[in-house]
Novice: 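Dumping the structure here so I can ask a few things about it.
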Amino acid sequence: MKKSTLKKYAHLIAKVGGNVQKGQNVELYVAVDQEELANYIVEECYKLGANTVAVRWTSDKVEKTTLKKESIKSLSHFYDYELAKQQYLCDELPVMIHIESSDPDAMKGVNQAKVAKVRMAQYPVIKPYRDKRENKYQWTIAGASSPAWAKKVFPNLSKKKAVEALWDAILKTSRCDEDPIKAWEEHNADLAKRTKYLNSLNLDYLHYTSKNGTDFKVWLLPNVDWLAGGEKTLGRHVFFNPNIPSEECFTSPAKGKAEGIVYSTKPLSYQGELIENFSIRFEKGKAVEVHAEKGEKLLKHMISMDENARYLGECALVPYDSPINNTGILFYNTLYDENAACHLALGMGFTNCVHDYEKYTQEELTKMGINDASIHVDFMIGSKDLNIVGYTRDGKKVQIFKDGNWAF
Ligand code: ZN
């Protein structure tokens, strides 16, 4: 990896992703083996005028040992300094930058029932803090190539070649090849055009069909928008891009209103383990039946995390001919794979899809039909022949997707 390329990528992450403003604090979450990239990101943040950049080093290896050895009680406990940190995040609203480079199988062998118990114990403590700062801060997720992840994606290449190949794929799909800033401006403008059209339709529900067996209807909420690409923070109105890359137009569907069955078209990496070839059947918006060739137990744990984990929180449209899918690479990472295919997410919905959402409380938004849950897990259902027909509130039928791609 050339230093100049890595620097350019770091600039893209700090400027287009987090859009760090003068005087802001930054929290950077990055794995211990990404020191060079981390250093460049820190440098770029200061160039943009950051006040302080705190690097929070992460390690799958250590996390796995911790999850295995520490008791549920201890793992679930919050010390005062940890709560103080949560309060700090609410008070200062630092920019959150997450760099993903994990091995998709990193947590294989960890007792997922134990992890689920810990998450459930932590959730009520974290939730009030999460709600307090929701939509108010800039955040971004981007990827970085690591040997373990690269070998999973390119098993036939040597470690060195695999790492290089994954870097190439990351930079290309992140539009980091030519002038990334200009490329992202154009890309965001294109996505904005599509969401504008989708919003103008005033869709009541979508009907998905595919030869793989998918036959699924999902209802949308009035007053809830389709969003894409970048968004603005509440209060300071800072425009940032939460995902690098991002190809999706998404919305938060009506809780409790989805019928039919969907079949996965890509494996899902959940909590460091893979779930493959699965189907989910919905009744009254609730996932009532799931099957998976691999990872069925984990999938069942996932939808049982809490009472709302079985309901949908996202409905996203991504053409089959997306730049990411066209690489032909399966990343085994949601950041990339979700931007390569139409997907749904189980769990928490997006409150910022609601018109003037800042005027409502979290409870009011939940009552409106935006799902609130402890998880938000995307899973891919886009296929080459996916057909999506939209039915508008005034009774019109509109082709949204034809043969896996946008019909407009
Ligand atoms: Zn999505």
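Order of listing sets the numbers, starting from 1, for every ligand and every atom in it. Just so it is clear, the model here is predicted, and its values are computed rather than measured.
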Novice: Provide the atom name of the closest N, O or S atom of Glu338 relative to the Zn ion (ligand 1).
Specialist: OE1
Novice: If you count every heavy atom of other residues, nucleotides or ligands that lies below 6.0 Å from Glu35 atom CD, does the total exceed 12?
Specialist: no
Novice: Quick check for you: with the Zn ion (ligand 1) as the vertex, what angle do NE2 of His343 and OE1 of Glu248 span, to 10°?
Specialist: 80°
Novice: Please work out whether the ring planes of Tyr9 and Trp167 are parallel, tilted or perpendicular, with thresholds of 30° and 60°.
Specialist: perpendicular
Novice: Of all N/O/S atoms in Glu314, which lies nearest to the Zn ion (ligand 1)?
Specialist: OE2
Novice: Run Leu89 and Gln86 through side-chain contact (heavy atoms from CB on, under 4.5 Å) and show every step you take.
Specialist: CA-CA 5 Å; Leu89 295 179; Gln86 290 297 322; 4.3 Å; yes
Novice: Over 60° means perpendicular and under 30° means parallel, so classify the ring planes of Tyr336 and Phe331, tilted if in between.
Specialist: parallel
